[in-house]
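Worksheet for the structure shown next.
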There are 2 protein chains.
Amino acid sequence: MKVKNSRLDAIRLILSTQEIGSQEELLSELEKEGFKLTQATLSRDLHQLRVVKSVGVQGRYRYILTRPHQYRHEGEQGEARPLTAPQEATGFLSIKFSGNIAVIHTKPSYASTLAYHIDNYDFPEIIGTIAGDDTVMLIIAEEANRTMVLRALRTIIPNI
Amino acid sequence: MKVKNSRLDAIRLILSTQEIGSQEELLSELEKEGFKLTQATLSRDLHQLRVVKSVGVQGRYRYILTRPHQYRHEGEQGEARPLTAPQEATGFLSIKFSGNIAVIHTKPSYASTLAYHIDNYDFPEIIGTIAGDDTVMLIIAEEANRTMVLRALRTIIPNI
DNA sequence: TAGGTTTTTGCAATTTTTTTGCAGAAATCC
DNA sequence: GGATTTCTGCAAAAAAATTGCAAAAACCTA
């Protein structure tokens with residue numbers, strides 16, 4: 001489990017920083033990182049991570065991360081989210097506001113990761129996010145203001 | 001060109017209303033609609049539409065649309081789209097508002113489908129949408145209000 | 001609208017990539 | 001220390017992508 005989790009992390013990292021077009025390719029990247037596994041296992045990992053195979057601008061295929069999400073089945077109340085230790089999100093570059101919207105710029109490909117962290121934290125100040133490649137849009141709750149949003153985000157983006 | 005365009009439309013429609021997991025499957029759906037083509041052509045179509053193969057809630061593979069409407073304005077207006085009977089959109093989880101924005105949360109991977117339906121319906125109350133993986137943002141027309149938006153959406157999301 | 005051009009598609013494999021069933025290993029749980 | 005669950009390699013099957021060409025369709029344009 002230890003191995004698998006760090007491998008999944010590695011996969012996320014690789015996919016978020018490189019243009020990977022096939023599992024073979026990803027496999028060899030993982031090997032560079034010291035992970036030894038078969039393509040079959042990788043396929044299962046990608047499935048679990050809900051990675052999608054997309055078509056990039058140049059028409060080349062590319063694996064991209066979607067937002068990992070724990071499913072909260074309707075009705076199923078369940079115990080609250082695992083509440084992972086405040087993950088420090090990287091890739092942050094800047095934040096700007098306009099009306100009830102905040103726009104965060106990140107390093108290329110870091111947007112979905114950052115949005116993931118924000119979503120995961122479920123801040124009451126933020127009612128939703130959408131991520132592109134290097135931009136995250138946040139919709140600010142009506143009962144919140146910019147200062148509150150910044151303060152909230154500080155828990156995962158210390159240097160904000 | 002005529003045939004191809006309507007076929008691409010058909011593909012979009014099918015993918016937005018059904019969970020299609022393979023090209024074979026899509027192929028036979030298209031056949032039901034009267035489109036006759038080979039897997040090679042379908043592969044080319046999907047590539048052109050930049051359809052992605054994703055993983056749905058049940059863990060099943062699924063083709064999903066990314067940007068449904070860049071194809072719209074092709075100088076072609078003529079016969080307005082078939083205006084299919086109000087398709088019922090699935091995957092809806094919740095809707096929240098802030099200012100002139102509505103944020104809809106969906107089950108993973110359903111956002112673009114839902115956005116597709118909303119766009120397609122061309123509600124005057126909604127001037128645009130953005131979809132991520134499980135989130136759709138709607139920009140509400142200035143002359144509309146939340147009640148109107150909800151009422152409009154009810155035509156495609158009955159349980160809203 | 002006839003003739004030329006461009007685009008699309010089938011054919012028919014071939015190649016590449018992805019998925020899966022199964023059994024053994026490893027990890028986790030009482 | 002067994003029972004149970006999770007993970008993984010192996011091998012093969014299934015699915016998807018690509019190709020080179022020729023024919024068909026659609027589009028121009030004079």
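All values below were derived from every heavy atom in this structure, side-chain atoms included, with hydrogens, water molecules and symmetry-related copies excluded. Order of the sequence lines sets the chain letters (A, B, ...), proteins ahead of strands, with each chain counted from 1.
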The answer to which of A:Glu24 and A:Arg44 contacts DNA chain C further toward the 5' end, by nearest nucleotide, is A:Glu24
Going by atom types alone, do A:Asn100 and B:Ser98 pair a side-chain donor with an acceptor below 3.5 Å? yes
Distance, rounded to the nearest Å, where A:Asp45 contributes CG and D:dG9 contributes C1': 13 Å
Whether over 12 other heavy atoms sit under 6.0 Å from B:Gln18 CD: yes
Regarding A:Leu46, tell me which of base, sugar-phosphate or nothing describes its non-hydrogen contacts under 4.0 Å with the strands shown. nothing
A:Arg60 has an atom CZ; how far is it from atom P of D:dT18, in whole Å? 11 Å
Below 4.0 Å: OP1/OP2 of D:dC10 and any side-chain N or O of A:Thr38: no
Looking at A:Glu25 and A:Gly21, would you say the former's side chain and the latter's main chain have a donor-acceptor pair under 3.5 Å? yes
How many Å lie between CG on B:Leu49 and C1' on D:dA16, as a whole number? 16 Å
Taking 4.0 Å as the cut-off, does a side-chain nitrogen or oxygen of A:Tyr61 come that near to OP1 or OP2 on D:dT18? yes
NZ of A:Lys53 versus P of D:dA15: gap in Å, rounded? 15 Å
For the pair made of CZ in A:Arg7 and C1' in D:dG9, what is the distance, rounded to whole Å? 12 Å
For D:dA16, does either OP1 or OP2 sit under 4.0 Å from a side-chain N or O belonging to B:Ser43? no
Look at the side chain of A:Thr41 and decide which nucleotide, out of D:dT8, C:dA12, C:dT9, has an atom nearest to it. D:dT8
Nearest whole angstrom, please: distance from the P of D:dC7 to the CG of A:Asn5. 8 Å
Restricting to side-chain hydrogen bond (donor to acceptor under 3.5 Å, both in side chains), what partner residues turn up for A:Thr38, sequence neighbours left out? A:Thr41
Figure out the CD/P separation between A:Gln48 and D:dT6, and round it to whole Å. 11 Å
Criterion side-chain hydrogen bond (donor to acceptor under 3.5 Å, both in side chains) on A:Lys53 and A:Gln23, from CA distance to verdict: CA-CA 10 Å; A:Lys53 190 178 186 180; A:Gln23 299 189 4; over 6 Å; no
Closest to side chain of B:Leu37, choosing from D:dT19, C:dG10, C:dT20: C:dG10
If I take atom CD in residue A:Gln23 and atom C1' in nucleotide D:dA16, what distance separates them, rounded to the nearest angstrom? 12 Å
Students often get this wrong, so: under 4.0 angstrom with heavy atoms, is B:Tyr63 touching a base, only sugar-phosphate, or nothing? sugar-phosphate
Out of C:dA12, D:dC7, C:dT17, whichever nucleotide has its closest atom nearest the side chain of A:Lys4: D:dC7
Which residue lies toward the 5' end of DNA chain C, B:Gln39 or A:Ser22, if each is placed at its nearest nucleotide? B:Gln39
